[in-house]
Amino acid sequence: MSDTSDRQALVIGASRGLGLALAEELARRGRQVIATARREGGELQAKADASNGRLRVESLEMTSDDQLAALRERLDGSELDLLFVNAAIDRGNLPITEVSADTFAEVMLTNALSPLRTVEALRDLVVPGGTVAVMSSRQGSVSLNTRPGFELYKASKAALNQLMRSYSTRHADDGHTKLLIHPGHNQTPLGGPGAPLSPAESMPAVVDVLEAQAGAKGLQFLDLYGEVVPW
């Protein structure tokens with residue numbers, strides 16, 4: 001895409017890993033980027049301090065309704081052409097029968113419910129023709145679930161995908177591009193140190209997809225190369 005200097009993006013969950021690399025890549029390409037973190041300081045703030053005003057940090061614990069409402073109030077009047085929600089936790093590779101009710105609720109709240117609450121709270125800041133995107137995973141694909149392991153994480157991402165489909169149906173006429181993005185297997189706390197991709201490698205590809213899909217209608221579940229991920 002040509003000039004991005006007047007375009008604004010909001011990245012939710014950018015303190016480290018994929019979210020941090022995504023915010024940095026968007027800023028590198030000339031966008032004004034607002035990025036959220038649960039805690040002050042850290043690498044995100046250091047990137048913001050060195051960004052010459054391209055990147056600014058806002059505080060948000062996404063599972064807190066009060067903090068989400070406060071962020072919405074602080075951003076009142078902003079015009080976003082990209083809202084990207086990135087959040088996921090993993091509480092181990094256990095059969096679902098060994099997962100406690102508290103752990104199940106924590107993972108579902110963080111990985112499925114909170115991203116959609118965040119999208120709903122902030123969607124009115126996205127301009128007509130803008131994009132609402134959520135970081136998903138091919139592990140949320142029901143049809144690709146052919147190997148054992150990580151049952152709760154898979155279930156949470158499948159729930160996220162289903163909720164995003166419901167959101168897309170409910171807001172079918174809002175003029176927003178809607179995307180679920182599988183970022184590949186990355187070297188993150190979730191992906192592990194042996195993963196084939198680093199966030200610095202995968203996020204430029206994800207931004208390419210975001211730019212290529214801008215203006216597309218409906219909801220798509222795509223990987224970092226723009227290929228369709230089966231539901």
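Residue numbers start at 1 and run along the sequence shown.
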Taking all non-hydrogen atoms of both residues, which atom of [X] and which atom of [Y] are closest, and how far apart?
X	Y	answer
Ala48	Val57	CB-CG2, 3.8 Å
Ala112	Leu163	O-CD1, 3.8 Å
Gly13	Asn86	O-ND2, 2.8 Å
Leu180	Ser136	CD2-CB, 4.0 Å
Asn161	Phe221	ND2-CE2, 3.4 Å
Ala87	Met62	CB-CE, 3.2 Å

Would [X] and [Y] pass as an ion pair if we require N to O under 4.0 Å?
X	Y	value
Arg54	Glu24	no
Glu25	Arg28	yes
Arg29	Asp208	yes
Arg138	Asp223	no
Glu58	Arg74	yes
Arg39	Glu61	no

Look at atom [atom1] of [X] and say whether more than 12 heavy atoms of other residues, nucleotides or ligands are closer to it than 6.0 Å.
X	atom1	answer
Lys47	NZ	no
Asp124	CG	yes
Glu98	CD	yes
Asn52	CG	no

Q) Do Leu75 and Leu125 pass the side chain to side chain contact (heavy atoms under 4.5 Å, CB included) test, and can you show the C-alpha distance, the side-chain angles, and the key distance before you say yes or no? A) CA-CA 8 Å; Leu75 296 181; Leu125 300 177; 3.8 Å; yes
Compare all side-chain heavy atoms of [X] with those of [Y] and state whether any distance is below 4.5 angstrom.
X	Y	result
Glu106	Thr63	no
Arg117	Asp65	yes
Leu22	Phe84	yes
Thr131	Leu179	yes
Met164	Val132	yes
Val228	Leu222	yes
Leu160	Leu113	no
Ser137	Tyr153	yes

Return the [atom1] to [atom2] distance between [X] and [Y], rounded to the nearest 0.5 Å.
X	Y	atom1	atom2	result
Leu83	Ser78	CG	OG	11.5 Å
Leu219	Trp231	CG	CH2	4.5 Å
Leu26	Leu55	CG	CG	9.5 Å
Met108	Leu152	CE	CG	6.0 Å
Leu18	Met203	CG	CE	4.5 Å
Asp81	Leu10	CG	CG	11.0 Å

Any side-chain donor near an acceptor of the partner, [X] and [Y], under 3.5 Å:
X	Y	result
Ser100	Thr103	yes
Glu79	Gln8	no
Tyr167	Arg123	yes
Lys157	Asn111	no

Would the distance check show the side chain of [X] and the main-chain N or O of [Y] forming a donor-acceptor pair, the cut-off being under 3.5 Å?
X	Y	result
Gln213	Leu210	no
Thr177	Ala216	yes
Ser168	Arg165	no
Thr36	Leu60	no
Glu151	Pro95	no
His185	Leu197	no

Q: Could you give me the CA-CA distance, side-chain angles and deciding distance for Phe104 and Ile96, then say whether side chain to side chain contact (heavy atoms under 4.5 Å, CB included) is met?
A: CA-CA 9 Å; Phe104 183 89; Ile96 200 66; 4.2 Å; yes
Count I, L, V, M, F, W, Y as connected when their side-chain heavy atoms are under 4.5 Å apart, and connections chain through other members. Are [X] and [Y] then in the same cluster?
X	Y	answer
Leu82	Val127	no
Val11	Leu68	no
Leu224	Val229	no
Met135	Val33	yes
Ile89	Val99	yes

Q.
Show, in sequence, the C-alpha distance, side-chain angles and deciding distance for Glu40 and Gln45, and conclude whether the side chain to side chain donor-acceptor pair (under 3.5 Å) test is met.
A. CA-CA 7 Å; Glu40 295 182 357; Gln45 188 60 58; over 6 Å; no
Q.
Run the side chain to side chain contact (heavy atoms under 4.5 Å, CB included) test on Glu43 and Leu20 for me, step by step, so that the C-alpha distance in whole Å, both residues' side-chain angles and the decisive distance to 0.1 Å come before the verdict.
A. CA-CA 8 Å; Glu43 191 173 358; Leu20 177 63; 3.4 Å; yes
Q) Between Glu120 and His171, is a side chain to side chain donor-acceptor pair (under 3.5 Å) present by the stated rule, with each step listed? A) CA-CA 10 Å; Glu120 288 282 11; His171 298 297; 3.3 Å; yes
